[in-house]
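We use all heavy atoms of the structure for the numbers below, so side chains are in, but hydrogens, waters and symmetry mates are not. Reminder, nothing fancy here: chain letters follow the sequence lines and each chain counts from 1.
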2 protein chains.
Amino acid sequence: MAAVDDLHRTADERLRADGQRYTANRRALVDVLATSGCPVTMTEVLAAAEGLALSSAYRNLAVLEDAGVVHRVVTTDDTARYELAEDLTGHHHHLVCTTCGVVADIDVPEALEHHIDELARSAAAATSWSVDHHRLDLLGTCPTCRSAQRS
Amino acid sequence: MAAVDDLHRTADERLRADGQRYTANRRALVDVLATSGCPVTMTEVLAAAEGLALSSAYRNLAVLEDAGVVHRVVTTDDTARYELAEDLTGHHHHLVCTTCGVVADIDVPEALEHHIDELARSAAAATSWSVDHHRLDLLGTCPTCRSAQRS
DNA sequence: ATGAGTGCAAAGGCTTTGCATTAGG
DNA sequence: CCTAATGCAAAGCCTTTGCACTCAT
């Protein structure tokens with residue numbers, strides 16, 4: 001998998017640029033996130049990375065986030081989720097289940113992104129805030145919770 | 001203030017429909033949220049509603065949320081914020097400060113809302129999720145934190 | 001009088017931190 | 001060697017819950 005090698009190389013570079021080492025634990029975390037396909041909870045991270053201590057997972061995910069490799073996703077419940085940074089996976093948005101909290105990725109039409117960028121510019125101009133990113137979530141019910149409702 | 005009277009009447013109706021009473025504490029909470037103009041933290045709620053117990057504030061905000069009077073806003077930090085439900089204040093989106101967490105309201109052009117609704121429909125059709133709402137946040141730095149950075 | 005609402009204190013759950021040990025450069 | 005990283009346990013912080021008391025109907 002050349003793509004995965006590239007990912008690790010990029011992660012390594014970013015951590016070094018941040019004065020950090022790309023250790024086995026950190027590499028394992030990146031693998032977990034690259035494999036999962038959607039933002040994952042700490043519980044899921046620990047299940048996928050056997051032998052990794054809870055505190056190391058939190059600390060390393062924070063280090064990876066500081067280095068711009070990982071993004072911490074906060075939705076509506078009290079459990080954070082983690083995914084690879086957008087510039088590694090491509091810009092996307094989220095479908096969030098308001099029942100169980102699970103998050104899926106969705107792509108958004110270029111035209112809509114363009115409209116949002118315009119909004120960001122005009123809002124920044126009107127408010128004296130600076131605007132860096134945006135976040136568009138669709139909130140609803142995932143297939144699993146939908147079938148649970150019906151039964 | 002006729003508008004505020006309407007607000008309290010609506011809140012009262014919704015609580016009763018939910019089998020709940022519109023008590024003095026709950027009325028005070030609605031007043032705090034109506035006055036603040038942007039989503040507020042629990043700390044701010046307690047400061048504004050003198051004599052209100054922490055547990056009562058949490059419990060009553062939960063009751064008000066269940067009744068559809070209040071909306072709990074989760075952004076990027078670990079402190080929830082509360083605002084009046086959108087159908088009481090009008091649909092809007094948020095400007096979130098990634099430094100201090102403060103949240104401001106912004107209105108979004110009708111055309112953009114329309115595009116987002118289309119996205120919601122197509123995403124629902126493509127994924128077998130059901131989609132109820134959306135949430136668009138602009139993430140950046142508020143004026144206060146911007147001046148703190150410069151100094 | 002009867003159940004909802006309230007306040008205090010204690011407990012919960014996710015996350016962070018202190019500290020001794022281990023490993024990488 | 002020397003600093004960073006790790007793992008365990010303890011602490012923190014926001015939030016929820018248990019329980020006795022008060023208030024409204």
Side-chain angles (χ1 to χ4, degrees), chain A residues 8 11-32 39-67 69-83 100-103, chain B residues 8 11-12 14-32 39-67 69-82 100-103:
Chain A
H8 286 305
D12 191 2
E13 285 165 10
R14 292 189 186 177
L15 282 181
R16 285 183 196 290
D18 228 40
Q20 302 283 347
R21 300 173 189 165
Y22 195 41
T23 64
N25 276 349
R26 292 171 186 174
R27 196 183 168 92
L29 286 169
V30 169
D31 272 327
V32 168
V40 289
T41 62
M42 179 54 62
T43 306
E44 293 164 341
V45 167
L46 293 176
E50 288 183 58
L52 180 62
L54 177 67
S55 57
S56 297
Y58 275 114
R59 265 193 284 238
N60 285 326
L61 286 169
V63 167
L64 288 164
E65 189 181 19
D66 281 345
V69 176
V70 161
H71 177 61
R72 186 174 195 261
V73 179
V74 176
T75 57
T76 57
D77 54 7
D78 47 5
T79 52
R81 284 156 205 270
Y82 299 87
E83 66 182 359
C100 73
V102 74
V103 178
Chain B
H8 286 304
D12 191 2
R14 291 189 186 178
L15 282 180
R16 285 184 195 289
D18 227 42
Q20 301 284 347
R21 299 175 191 164
Y22 195 40
T23 64
N25 276 349
R26 293 171 184 174
R27 195 182 170 92
L29 286 169
V30 169
D31 272 326
V32 169
V40 289
T41 61
M42 179 54 62
T43 305
E44 293 164 341
V45 166
L46 293 177
E50 287 183 59
L52 179 62
L54 177 67
S55 58
S56 296
Y58 275 113
R59 265 191 285 237
N60 284 325
L61 286 169
V63 167
L64 288 164
E65 190 182 18
D66 282 344
V69 177
V70 162
H71 176 61
R72 188 175 193 260
V73 179
V74 176
T75 57
T76 57
D77 55 6
D78 47 5
T79 50
R81 285 156 204 272
Y82 299 87
C100 72
V102 74
V103 179

Undergrad: Could you work out which one of C:dT6, D:dT15, D:dT6 sits closest to the side chain of A:N60?
TA: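 Taking heavy atoms from C-beta onward, the closest nucleotide is D:dT6.
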Undergrad: Would you kindly give the CG-to-P distance between A:L15 and D:dA4, to the nearest whole Å?
TA: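 Roughly 15 Å, once rounded to whole Å.
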Undergrad: Side-chain contact, heavy-atom cut-off 4.5 Å: A:L15 with A:L64?
TA: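 Sidechains of A:L64 and A:L15: in contact.
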Undergrad: Nearest nucleotide by nearest heavy atom, which residue falls closer to the 5' end of DNA chain C, B:A57 or B:D78?
TA: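 Its nearest nucleotide being more 5', the pick is B:A57.
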Undergrad: Under a 4.5 Å cut-off applied to non-hydrogen side-chain atoms, are A:H8 and A:D31 in contact?
TA: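 Side-chain contact under 4.5 Å: yes.
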Undergrad: Measuring to OP1 and OP2 of D:dT3, would you say a side-chain N or O of A:R21 lies under 4.0 angstrom away?
TA: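 So the side chain of A:R21 is outside the cut-off, no N or O lying under 4.0 Å from OP1 or OP2 of D:dT3.
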Undergrad: Before you tell me yes or no, could you show the steps for B:D18 and B:R14 under salt bridge (charged side-chain N to carboxylate O under 4.0 Å, His left out), namely the whole-Å CA-CA distance, both residues' side-chain angles and the distance that decides it to 0.1 Å?
TA: CA-CA 6 Å; B:D18 227 42; B:R14 291 189 186 178; over 6 Å; no
Undergrad: Among the candidates D:dG7, D:dC19, C:dG25, find the nucleotide nearest to the side-chain atoms of A:N25.
TA: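 Shortest atom-to-atom distance from the side chain points to D:dG7.
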Undergrad: Look at all strands and tell whether A:T23 reaches a base, only sugar-phosphate, or nothing, counting heavy atoms closer than 4.0 Å.
TA: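 Sugar-phosphate, backbone atoms only, no base.
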Undergrad: Could you tell me if the side chain of B:L54 sits less than 4.5 Å from the side chain of B:M42, heavy atoms only?
TA: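 With C-beta onward as the side chain, the pair touches.
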Undergrad: Mind checking if B:G51 touches a base, just sugar-phosphate, or nothing, with heavy atoms under 4.0 Å?
TA: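 Touches sugar-phosphate only.
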Undergrad: Using the side-chain heavy atoms of A:A53, tell me which of these nucleotides is nearest: D:dT15, D:dG7, D:dA4.
TA: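 When the side chain of A:A53 is considered, D:dG7 is the closest of D:dT15, D:dG7, D:dA4.
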Undergrad: With the side chain of B:R59 defined as its heavy atoms from C-beta on, choose the nearest nucleotide among C:dT6, D:dA5, C:dG5.
TA: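 Looking only at heavy atoms from C-beta outward on B:R59, the closest nucleotide is C:dT6.
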Undergrad: Ignoring hydrogens and angles, does a donor from either the side chain of B:T79 or the base of D:dC14 sit under 3.5 Å from an acceptor on the other?
TA: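 No, no donor-acceptor pair under 3.5 Å.
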Undergrad: Between CG of B:L61 and CG of B:D66, what distance do you get to the nearest 0.5 Å?
TA: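 Going from CG on B:L61 over to CG on B:D66, the span is 11.0 Å.
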Undergrad: Is the base of C:dG5 touched by the side chain of B:R27 through a donor-acceptor pair closer than 3.5 angstrom?
TA: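 Not at all, since no donor on one side and acceptor on the other fall under 3.5 Å apart.
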Undergrad: Taking all non-hydrogen atoms of both residues into account, name the closest pair between B:R72 and A:T76 and its distance.
TA: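 Looks like NH1-O, 4.1 Å.
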Undergrad: Could you tell me how far apart A:R16 (CZ) and D:dT3 (P) are, to the nearest whole angstrom?
TA: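 Rounding to the nearest Å, CZ of A:R16 and P of D:dT3 are 19 Å apart.
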Undergrad: B:A62 near the nucleic acid: base, sugar-phosphate alone, or nothing, with a heavy-atom cut-off under 4.0 Å?
TA: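 It contacts nothing in the nucleic acid.
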Undergrad: With each end axis built from five pairs of C1' atoms, what bend angle do you get for the helix from C:dA1-D:dT25 to C:dG25-D:dC1? Round to 10°.
TA: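 Result, rounded to 10 degrees: 20°.
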Undergrad: For a quick test of reading the model, state the closest non-hydrogen atom pair linking A:G101 to A:D77 and the distance between them.
TA: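 What the structure gives for the nearest pair is CA-OD2, 3.8 Å.
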Undergrad: Looking only at non-hydrogen atoms, find the nearest pair between A:N60 and A:R26 and report the distance.
TA: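 Looking at all heavy atoms of both residues, the closest pair is OD1-NE, 2.7 Å.
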Undergrad: What contact category does B:S55 fall into here, base, sugar-phosphate, or nothing, at under 4.0 angstrom with non-hydrogen atoms?
TA: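 Base, at least one base atom sits under 4.0 Å.
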Undergrad: Specify the separation, in whole Å, of atom CG of A:D77 and atom C1' of D:dT16.
TA: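 Atom CG in A:D77 sits about 15 Å away from atom C1' in D:dT16.
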Undergrad: Identify which nucleotide among D:dT16, D:dA5, C:dG5 has an atom closest to any side-chain atom of A:Q20, counting heavy atoms from C-beta outward.
TA: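 Nearest to the side chain of A:Q20 among the choices is D:dA5.
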Undergrad: From CG of A:L52 over to P of D:dC8, roughly how many Å is that when rounded to an integer?
TA: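 Spelled out: CG on A:L52 to P on D:dC8 is 10 Å.
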Undergrad: How many whole angstroms separate atom CG of B:L54 from atom P of C:dG7?
TA: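 It is 11 Å, rounded to the nearest whole Å.
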Undergrad: Return the value, rounded to whole Å, for the distance between atom CG of A:L29 and atom P of D:dA5.
TA: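 From A:L29 CG to D:dA5 P: 13 Å.
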Undergrad: Find the distance A:R81:CZ to C:dC14:P and express it as a whole number of Å.
TA: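 Value for this atom pair: 12 Å.
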Undergrad: Expressed as a whole number of angstroms, how long is the span from B:Y58:OH to C:dT6:C1'?
TA: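 Spelled out: OH on B:Y58 to C1' on C:dT6 is 17 Å.
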